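Comments concern the structure below.
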2 protein chains.
Amino acid sequence: MPKMSDVARLAGVSTATVSRVLRNPDAVKTGTKEKVLEAIHQLNYQPNMLARHFRRTETKTILVLVPNIINTVFAEIVGGIEEQASKNGYRVLLRNTARKLEREYGSIEHLKQRQVDGMIMLSPQLDEATLNEISSQFPIVLATANLETPKIPFVSIDNVSSSYKATEHLIRLGHKKVGHITGPMDSLLSRHRNEGYRKALGDYGLDIDEQLVRRGHFSYESGFEQMMDMLGQNHVPTAVFAPSDEMAIGIINAAKEHQLRVPEDLAVVGFDNIRFASMFNPSLTTIAQPLFKMGQRSMELLLKKLNGESISQTEHLLPDELIIRDSCGARKKGKLLHN
Amino acid sequence: MPKMSDVARLAGVSTATVSRVLRNPDAVKTGTKEKVLEAIHQLNYQPNMLARHFRRTETKTILVLVPNIINTVFAEIVGGIEEQASKNGYRVLLRNTARKLEREYGSIEHLKQRQVDGMIMLSPQLDEATLNEISSQFPIVLATANLETPKIPFVSIDNVSSSYKATEHLIRLGHKKVGHITGPMDSLLSRHRNEGYRKALGDYGLDIDEQLVRRGHFSYESGFEQMMDMLGQNHVPTAVFAPSDEMAIGIINAAKEHQLRVPEDLAVVGFDNIRFASMFNPSLTTIAQPLFKMGQRSMELLLKKLNGESISQTEHLLPDELIIRDSCGARKKGKLLHN
DNA sequence: TTGTATGCGTTATCAA
DNA sequence: TTGATAACGCATACAA
C-alpha cells in the first residue's frame, strides 16, 4: 500500500502538499496539483483513513441505535438515515439494542471513545435526564421519540393528533363502542396515542368504557390475545383503534376466529402503514408515518449538529396521513350511499 | 479526555505498562495491574479507539452490503450478523446498495482504505470473477448467494432441493398443473429455484407447461400482475410455486380478484417464511430459510477469516424447512381424510 | 516484569 | 504557494 510520502516523492513535492491537494486543493498551484494527482493515479494511492481519522479525531461515521432491526418500521427509518448519510460522506454504524437498556448505556462508550461522530437513537428507552446528559456532551438526535420537555432534537409525528384522527374516523362512521388496545404504557409514544383516542371520544361526547381499553405492546400476538379475550366477554366493541398495523392484524384475525366479519362486524384502524397493510385482507385503514423521510430528517438534523450549526427547533413533527382502505368499512359505506 | 500517559503518571508506571494492562494483562504483575486499574477508574479513562485502530491497522468493524434494508429477509440476516459481531467485539457498518452495481464496486474502496476489516455481501450482483478478485485481497463472505465455482465462503440454503420439495408437496397433493412465477433470471438463486421446480415435475412424470411459467422478480406486484395475466388466459394452473412469500401473497390476491378460493381452487406455496406468512389469510405454506442463523454463520465464517484461520469448506448450506400451513390445502385434505 | 524509545500516516503550524 | 517538522495516542521491539 503506497503512502502519502510515496506520492510526495514521485511528484517531487512534500507530503504537506499532497495532503493539501487532497483536502484543500485551492491552496495549491494548478501545475503542482496536476503533478500530484498524476502521482496519485500512477501509484493508485488511497489515503489511509485510519490515520486520517486519528489525526483529525473524526470518523465520518454515525451510530444508529435500533430497538429491533427486524421490525420493518425501524428498518425503513434506517433506510432514510443511510441514504442521507452516504449522500453526505457519512457512514452508518448499526447497533441493535434488542430493547435492552444496558445496550443504550453501552452506546455512550462508543461516543466517548470517539468511535463515531454522533448518534441517532430510534425510540430510546433511556429517561430524559440521561438523554439530556448525553446530548450535552455529544451530537445526538432522536427519532420516533417524543420528549416531555424537549431539549434534544427529535423527529416524530404528532401521535396525539394522529390517534385522534384515527379514532374520530371510526366515530364518524357511526361507531359508539370504540375500543383501543394500547402499546406499553411506559412509552410516551403509547401514552400519546392513548391520549388521542380518549380525547376524540371525549370530544364526541362518548364515554370511555375502560373494559374496551386493553394493554398490549404493539405486537401481533398482543393484539390477537387481547382481542380474543375481549370477544370472550359479553361486552364487545364495534370498532377498535390499534397503535400498530401488526396489532391491527392480530385483532382482525381474532375477530375472524370469532366468526366476525371485518369491517361489517368490527371496524379496525391500524398504525404505521407497513408494506403489508395494503396486501392484507381486508386491507388496513391506517395512519401512515413518513418513516423514510423521518430517517432522512433525523440525519439532516444530526449533520447540522456535526457541522456546528445551530438547530432552532428541537421538535420536528412530520405530517402523517390517514390512509383509508377496507378494514374500517368507510369504503363499503361509501358504496352503499352511492347505490 | 484523559489519555494513557495521564493514567501512567497517576499510577506511577510507564505508558507501556498501562497498554499491557489493557491488552495483555497476564504480562503484568498483579500489584501493578491493580494500581493501573485504579488509576483508570479514577480518571474514567477510555482508550482512544481511533489511535488504537490506527496503530494496529484494524478497525474491529465489518461492512455489510445489503441490497435493500427495508426487505425483511435482509433485515433478519443483518440481525444475525449484528448479534454475532457484537458478541465478538466487532461492529457492523451498514451499506445499502439499492441493487446498484456501482455501489458494490464502491465498497471495495472501503476495504482498500482500511475502513473496515472485512465484508459480508448479501445477494451480491457482481460477477464471480470480480468477487474472486476482491476475495483474494480482503476477507469477504457471501450470504444468500450461490456460486457456480465456489472459491469464496458463502452461506445459503440448497435452493434446488428446497424448491423441489415445495413443488413436490403440491404434486403429492394431486396437482397436475403446477405453475411457477420465477425471480429475475439473471440471479443464480432464481435459476436454482426454477431448476428445482422443473426437476420435481420431471421426476413425477409431469410435462412442463411453459405457459404456466412466468417471469417475475420476487415482488408482490410481479406476483399479482403475472397471476392476473395467467388467470386471464383460458389455460390456468391449479397450484403455483412462488419463490418468495411476497410474491405468493400477490398471487393469492390475484386469485381472489378472480373469485378463486385459495387453497380450494388454487394452491400456493411461497418461500422465506416472513413474519407475515403466518398472519396472512390463508396462512402461507412456505419454505423457511433460517435467516437469522444464516447471518450468524456468515459472521462466524468472516471471524475465522479475520483471525487467519483456514476455512475448509466454502459452501455452507443450512437446512431449510417446508412449513405447511393453509395456502396449499394439505391441512384441509388432511381433515377430510380423517373425517 | 517493567521502562525507553520509536513509529504508525496524516494533518496543522509555522516559517520561508 | 510550498516545505520542514511536530504532533495525534497507542503499541511494540528491545533493553534493562
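The structure presented is a predicted model; accordingly, all values stated were derived computationally and were not measured. So that the names make sense, note that chain A is the first sequence line, chain B the second, and so on, each numbered from 1.
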Touch class at under 4.0 angstrom, heavy-atom based, for B/T32 against every strand present: sugar-phosphate
Gap between atoms NE2 and C1', on A/H53 and D/dA7 respectively (whole Å): 19 Å
Over 12 foreign heavy atoms within 6.0 Å of NZ, B/K293: no
Near-parallel close stack of A/F54 and D/dC8 base (under 5.5 Å, under 30°): yes
Distance, rounded to the nearest Å, where A/K35 contributes NZ and D/dT2 contributes C1': 10 Å
Distance, rounded to the nearest Å, where B/L50 contributes CG and D/dA11 contributes P: 12 Å
Length of the line joining B/K3:NZ and D/dA7:P, which is rounded to integer Å: 11 Å
Flag side-chain contact, heavy atom, 4.5 Å: A/E315 against A/F154: yes
d(CZ, A/R55; P, D/dA7) in whole Å: 10 Å
A/S86/A/E82 under side-chain contact (heavy atoms from CB on, under 4.5 Å): CA gap, chis, key distance, verdict: CA-CA 6 Å; A/S86 67; A/E82 210 277 336; 4.2 Å; yes
Sugar-phosphate, base or nothing in reach of A/R23, heavy atoms under 4.0 Å: sugar-phosphate
Touch class at under 4.0 angstrom, heavy-atom based, for B/V18 against every strand present: nothing
Heavy-atom check, side chain of A/K305 versus side chain of A/P153, under 4.5 Å: yes
First and last nucleotide of DNA chain C, 5' to 3', lying under 4.0 Å from heavy atoms of chain A: C/dG9 to C/dT13
Distance in Å, B/M1 CE paired with B/Q46 CD, rounded so as to fall on 0.5 Å steps: 7.0 Å
Side-chain N,O (B/R56) to OP1/OP2 (D/dT12) below 4.0 Å: yes
A/Q115 CD - D/dG9 C1' separation (whole Å): 14 Å
Closest-nucleotide 5' rank along DNA chain D - winner of A/A27 and A/A16: A/A27
Side-chain H-bond candidate by donor/acceptor type, A/S123 with A/T144, under 3.5 Å: yes
Sugar-phosphate only, base, or nothing, as touched by B/M4 at under 4.0 Å among non-hydrogen atoms: sugar-phosphate
Of A/L22 and B/V28, the one whose closest DNA chain C nucleotide lies more 5': B/V28
Phosphate-side-chain proximity, A/K29 and D/dT1, N/O vs OP1/OP2 below 4.0 Å: no
Smallest separation among heavy atoms of B/T57 and A/L50, with atom names: CA-CD1, 4.1 Å
Closest-nucleotide ordering on DNA chain C, the 5'-leading residue of B/S14 and A/P2: B/S14
Sugar-phosphate only, base, or nothing, as touched by B/T17 at under 4.0 Å among non-hydrogen atoms: sugar-phosphate
N/O (side chain, B/Y45) to phosphate O (OP1/OP2, D/dG9) under 4.0 Å: no
B/D6 CG to D/dC10 C1', straight-line distance once rounded to whole Å: 13 Å
Rounded distance (Å) that lies between atom P of D/dA7 and atom CG of B/N48: 18 Å
Atom NZ of A/K33 with >12 non-hydrogen neighbours under 6.0 angstrom: yes
Presence of donor-acceptor pair under 3.5 Å, side chain of A/R114 and base of D/dG9: no
